[in-house]
Every structure is written in structure tokens, then in C-alpha cells.
Number of protein chains: 2
Amino acid sequence: MCTRKILTMRKSFLFLDTVANKVDAKGRVSLPADYRAIVKELSTEIVCYRSLTAPCIEGCTEDLLEKLATDIENSTDFFSETQDDLTNLIFGDAKRFSFDSTGRIMLTEKLLKHADITDTAVFVGKGRKFQIWSEANWAAEEARLREKIKLNRPSLKEESK
Amino acid sequence: MCTRKILTMRKSFLFLDTVANKVDAKGRVSLPADYRAIVKELSTEIVCYRSLTAPCIEGCTEDLLEKLATDIENSTDFFSETQDDLTNLIFGDAKRFSFDSTGRIMLTEKLLKHADITDTAVFVGKGRKFQIWSEANWAAEEARLREKIKLNRPSLKEESK
DNA sequence: TGGTATAACATGGTATTTTATGGGAATCAA
DNA sequence: TTGATTCCCATAAAATACCATGTTATACCA
């Protein structure tokens, strides 16, 4: 409630945190309350699509896709042909999801299957976007990321010593 | 109180000092008054996440993360793999914390555990960020830091002698 | 300068509100 | 009808706002 008020005044629209919510028999999942606050504030909608690179669902506000589309329109050189292809894939796959009065969305079979999600959906904030993972896949992914950071930033390793 | 006035007039928004506050059974801790003044002044919120390099919690204003999100957006392309990994780690772990009318935030189990905090949280200012340590871990860390400085800057050793 | 009144703060406790989640009725399409 | 989707209600747990108190720090005055 406090959050909502502050979001009303400011412009901070970051998807944060990691939340695990249950997927019930009907396929319903609660969108984390913080995420809902963002959607309401921006008067936009949630859009989800299969991640192109990982076994997870990716989501963002429709606003962001709008921005992406505009960027592509306006600059021919900024986006490579490959990226253009990727964009087509995303737009083709993306679907709009609105939540009911209790804050739940209903993910499709296609998405759930791509992410190996059966009974629990893990929402992972990514700033302007977020991802939805199965518990097992996310555990593996997080481990991979933390390992990678250690290797790529020896200076950090040094500091922690 | 004097602090607040100065903050109002100047643009000095540094987290300073070291303050030890109690963590109650529910995980509530008073955010140091000076820190709260900064948050209010900037009309932002506090965001905390597990330090990547040390057994402590790290915190900053949401503004700072906003800036980071924008920088990442602009510096790399929409589909960059590095961007993907980085954003997952940072934003996925970060959580927004708003304090109640008495100035307390409620830290999560995950964060407290990472920092070995049970009953006392030590807030350590770091300028734009701050850290939260357990008493024991902070004592060790401070000793380590002071020792390191001595070795790296013999001139200081000379003076203190 | 010293002493006292005042305000701010940390902290324990309690009440109220959100939120996640299960289940049922209503709506709609095949 | 059947199967699925949307809407609404109920509830338990968790998060949040609010109240009260002792203590400390600050401001004020003699």
C-alpha cells in the first residue's frame, strides 16, 4: 500500500526479487504483488513469451515491447539483421496476460512446458523484464550465474578474501 | 534533526557512520535515522541484496538501481547475453524495503542468513551504498581492512607509530 | 558552563490490511 | 453436454501500519 503510493509519485519501475508462487490445478498463478503494482501504475499489461536462450518464460510490460518496436523502426543500423529476426520471433510468440481481481494470470500450456513448470513458478526480477522458472531450473541457473561472476571478476574475489 | 536540515539544503547523500541496531523476532530493524533522512529526501526507497563477495547484506537507494538499469539498457543491446546474466543476478536478488512510521524495515530470512545475523545488525556506511553485518563478521572485517591499510600504506604506519 | 526541558530515537507489542491460494458459480465455445 | 475460462467469495498466513514506553541525544536557559 505504501509501495503503491510511492510508485504513484515516482518513476521507479523495476521488477525485483525472486518469488515462488504456486500454479494451481487450473493453471493459475499469482503475479507477485510488486509486479502488479507496476502494471497498474503504468496502465499497461504483462506480456510473456518463451525465452530464446533459456528454459524459462520471459515477461515484461507491453510498454517495453512498444519501445523495442519503435527503436527498430527508427534505426536501421542499430539493430543487426539477426536481432531483427530475434525480434520477429519474440513478437510472434508474445502473448498478453491480464490478471483477475485476486491478481492471478493463467499461463498457457506452451509456456509452462517450455519452462518445465508443473506446480511452482519462480518469478525472477530483471529490472525492466522478469523471468519465470521452474524451481529446479532456476536453482541450476542461479548456481551457474554465481559461479560465472566469480570467474569473470577476479578483483571481486580478491576483495572478499 | 540538524542532519535533516543540512540534507535539505545540500545535495550530500552519503551513507555514513556505523550503527548497531537490534533485530527482533520478526526480523524488524530500525534503519538508522540518518539513512531514513536520505531516503525521504530523495523520495526513493531502500533496496537490499546479498553481497556477491562478502557475508553481509548490501543496500542502496532504488534510484541507484534505476540508473544501473538504464545504463545497462543503453550500453548493450536488447538481446545481449552478458546483460541477461548480470541483470538476473542483481535485480533477481534485490528486494525493495520500505520502513514503517517508526522507521523499521523487515529483513528477509534469506538476507539475514547470508550475513549470519541473528539479533543485532550493524549498519556500515559506504557512501552511495551501505552494508549490514553481524557483529562478529563486522569485527573481523574491520580488523582485516585496517590491517590491509597498514600493509599497503607504510607512511600511515609511520605516523601512527 | 552546567543543568534541565524537550524532542528524537530505538524497540516491544498489537491491530489492521494485503496477499496468496483454494473452491464454487457463472459464462462461453465447441 | 463437456471442457475450459472468467469472476467472485472465503480463509489462513504474512506483511504492514499504528500505539506505547524507556532511553538517549539535542536544544534551551540560567
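Letters go in sequence order (proteins before strands), and every chain restarts at 1. Here the structure is a predicted model, which means the values were calculated and not measured.
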Who pairs with B:Glu135 by side-chain hydrogen bond (donor to acceptor under 3.5 Å, both in side chains), at least two apart in sequence or on another chain?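 Checked B:Glu135 against side-chain hydrogen bond (donor to acceptor under 3.5 Å, both in side chains); zero matches.
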Which residues pass the side-chain hydrogen bond (donor to acceptor under 3.5 Å, both in side chains) test with A:Thr18, sequence neighbours left out?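 Testing A:Thr18 for side-chain hydrogen bond (donor to acceptor under 3.5 Å, both in side chains), a comparison that skips the adjacent residues, returns none.
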Between [N] atom [atom2] and [X] atom [atom1], what is the distance in whole Å?
{"X": "A:Asp34", "N": "D:dA15", "atom1": "CG", "atom2": "P", "result": "12 Å"}
{"X": "B:Asp100", "N": "C:dC9", "atom1": "CG", "atom2": "C1'", "result": "13 Å"}
{"X": "A:Asp24", "N": "D:dC8", "atom1": "CG", "atom2": "C1'", "result": "15 Å"}
{"X": "A:Phe99", "N": "C:dT21", "atom1": "CZ", "atom2": "P", "result": "16 Å"}
{"X": "A:Leu31", "N": "C:dA20", "atom1": "CG", "atom2": "P", "result": "8 Å"}

D:dC18, C:dA20, C:dG22: which one has an atom nearest the side-chain heavy atoms of A:Arg28?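 So the side chain of A:Arg28 is nearest to C:dG22.
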Looking at C:dC9, C:dG12, C:dT19, which one has an atom nearest to any side-chain atom of B:Ala33?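 Selected nucleotide (nearest to the side chain): C:dC9.
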Looking at A:Ser30 and A:Pro32, would you say the former's side chain and the latter's main chain have a donor-acceptor pair under 3.5 Å?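 Between the backbone of A:Pro32 and the side chain of A:Ser30 there is no qualifying donor-acceptor contact (under 3.5 Å).
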With a 4.0 Å heavy-atom cut-off, tell me which residues in residues 102-109 of chain A come close to DNA chain D, sorted by residue number.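 Hits under 4.0 Å, by residue number: A:Thr102, A:Arg104, A:Met106.
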Over 60° means perpendicular and under 30° means parallel, so tell me whether A:Tyr35 and A:Phe15 are parallel, tilted or perpendicular.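 Taking A:Phe15 first and then A:Tyr35, their aromatic rings stand perpendicular (interplane angle over 60°).
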How are the rings of A:Phe123 and A:Phe130 set to each other: parallel, tilted or perpendicular (split at 30° and 60°)?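 Taking A:Phe130 first and then A:Phe123, their aromatic rings sit tilted (interplane angle of 30° to 60°).
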For a 4.5 angstrom cut-off between non-hydrogen side-chain atoms, does B:Val23 reach B:Thr118?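 They are not in side-chain contact.
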Pull out every residue in residues 15-23 of chain B that has a heavy atom closer than 4.0 Å to any atom of DNA chain C, ordered by number, or say none.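 By residue number: B:Asn21, B:Lys22.
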At their closest point, which heavy atom of A:Leu14 faces which heavy atom of B:Ala69, and how far apart are they?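 Closest heavy-atom pair between A:Leu14 and B:Ala69: CD2-CB, 3.7 Å.
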Distance check, rounded to the nearest 0.5 Å: A:Lys126 atom NZ versus B:Asp85 atom CG?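 Between atom NZ of A:Lys126 and atom CG of B:Asp85 there are 7.0 Å.
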Name all pairs fulfilling the salt bridge (charged side-chain N to carboxylate O under 4.0 Å, His left out) condition that reach into residues 102-118 of chain B, sequence neighbours left out, sorted by first residue then second.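 Only B:Asp93-B:Lys110 qualify under salt bridge (charged side-chain N to carboxylate O under 4.0 Å, His left out).
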Donor-acceptor pair between B:Arg96 and B:Thr44 side chains, under 3.5 angstrom: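 Looking only at side-chain atoms, B:Thr44 and B:Arg96 do not form any donor-acceptor pair under 3.5 Å.
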With the threshold set at 4.0 Å, does a side-chain nitrogen-carboxylate oxygen contact exist between A:Lys22 and A:Asp119?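 Answer for the salt bridge query: no.
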Collect all protein-nucleotide pairs involving nucleotides 25-30 of chain C in which both atoms are nitrogen or oxygen and the distance is under 3.5 Å.
none

